[in-house]
Amino acid sequence: MEALVRIMLWVWRIGQSIFTCNHARVTLAEGKSICPDCGHGVIVRWAVLRCRECNIRREGRYLFRSLMPLDNYCTRCGEHETVTEYLENPEYFVLMNKAILMVQSEEDYLQSMKGTLLERTRVWFEAAETVTIRGLLAPVS
């Protein structure tokens, strides 16, 4: 049953990528940008796939709006599952070594961030101490 659901999701992603904009002409500067073809907001960011068991970097690709490893299993431990690590400030050696550039629409980005720090950030204000200085101003008459 799980395999059938995975196949159906895969077919759905293929259908979506065929009939919607793939944001191919977006400027590849990291951060938010606007797609010149469809006018939607786009997020450009770097990611690295890691093995869930031994935490080694795995080679991957961004295909049909999802990250997929090139190999089905880890060459070190044989694990199938991967963990995605998003890079805030990728260094040169990381970029040259198995980092993946992702171009996501804003809706997909916000949906992938659901339940993370983005939703749970709270801001509060503390009352500032007020100091009154008297006698410096001349009285108004």
Side-chain angles (χ1 to χ4, degrees), residues 1-140:
M1 185 65 171
E2 184 179 325
L4 180 63
V5 171
R6 291 177 99 185
I7 291 172
M8 289 175 60
L9 284 173
W10 184 71
V11 169
W12 176 257
R13 285 183 184 145
I14 291 173
Q16 277 187 327
S17 64
I18 291 173
F19 297 114
T20 60
C21 182
N22 62 359
H23 312 300
R25 295 187 339 153
V26 171
T27 305
L28 297 180
E30 194 171 357
K32 185 177 175 185
S33 140
I34 302 294
C35 178
D37 295 328
C38 65
H40 290 158
V42 174
I43 306 292
V44 178
R45 61 186 181 159
W46 289 94
V48 173
L49 288 176
R50 291 188 177 272
C51 175
R52 180 170 285 182
E53 190 68 30
C54 64
N55 205 26
I56 192 171
R57 286 191 198 122
R58 293 181 59 184
E59 292 185 16
R61 63 183 171 264
Y62 186 66
L63 186 64
F64 302 124
R65 297 185 181 181
S66 65
L67 289 172
M68 298 170 34
L70 288 178
D71 302 324
N72 290 334
Y73 298 97
C74 178
T75 56
R76 187 182 208 184
C77 68
E79 178 68 27
H80 176 70
E81 298 294 322
T82 58
V83 177
T84 305
E85 175 186 347
Y86 297 103
L87 306 174
E88 292 297 322
N89 297 319
E91 293 90 16
Y92 180 76
F93 70 91
V94 173
L95 296 179
M96 297 303 291
N97 194 11
K98 302 176 184 171
I100 304 162
L101 181 66
M102 297 174 48
V103 178
Q104 290 181 310
S105 66
E106 269 186 299
E107 294 85 20
D108 292 341
Y109 174 74
L110 292 175
Q111 187 177 16
S112 71
M113 296 300 287
K114 210 169 211 43
T116 61
L117 186 65
L118 185 68
E119 267 191 356
R120 292 183 273 151
T121 302
R122 294 187 179 141
V123 177
W124 66 92
F125 296 98
E126 295 180 4
E129 293 182 26
T130 58
V131 178
T132 57
I133 301 173
R134 297 181 189 188
L136 294 178
L137 298 176
V140 178

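We're numbering straight along the sequence, starting at 1.
Considering every non-hydrogen atom in both Arg58 and Asp71, the closest pair reads NH2-O, 2.6 Å. Minimum heavy-atom separation, Ile100 to Gly60: CD1-C, 3.6 Å. The shortest heavy-atom contact between Val26 and Ser33 is CG1-OG, 3.4 Å. For the residue pair Cys74 and Ile56, the shortest heavy atom distance occurs at SG-CG2, 3.8 Å. The two atoms that bring Leu67 and Met102 nearest to each other are CD1-SD, 3.7 Å, heavy atoms only.
Between the NE2 atom of His40 and the SG atom of Cys35 there is a distance of 9.0 Å, given to the nearest 0.5 Å. The structure places CG of Leu4 at 10.0 Å from CG of Leu9, a figure rounded to the nearest 0.5 Å.
Within 6.0 Å of the OH atom in Tyr73, the count of heavy atoms belonging to other residues, nucleotides or ligands does not exceed 12.
Counting heavy atoms from C-beta on, the side chains of Leu70 and Arg61 come closer than 4.5 Å. No side-chain heavy atom of Leu87 sits less than 4.5 Å from a side-chain heavy atom of Arg45.
Here the side chain of Arg25 pairs no donor or acceptor atom with the backbone of Asp37 at under 3.5 angstrom.
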Could you pull out all donor-acceptor pairs under 3.5 Å where a side-chain atom in residues 75-86 meets a protein atom, sequence neighbours excluded?
| residue | atom | partner | partner atom | Å |
| --- | --- | --- | --- | --- |
| His80 | ND1 | Asn72 | O | 2.9 |
| Glu85 | OE1 | Arg50 | NE | 2.4 |
| Glu85 | OE1 | Arg50 | NH2 | 3.4 |

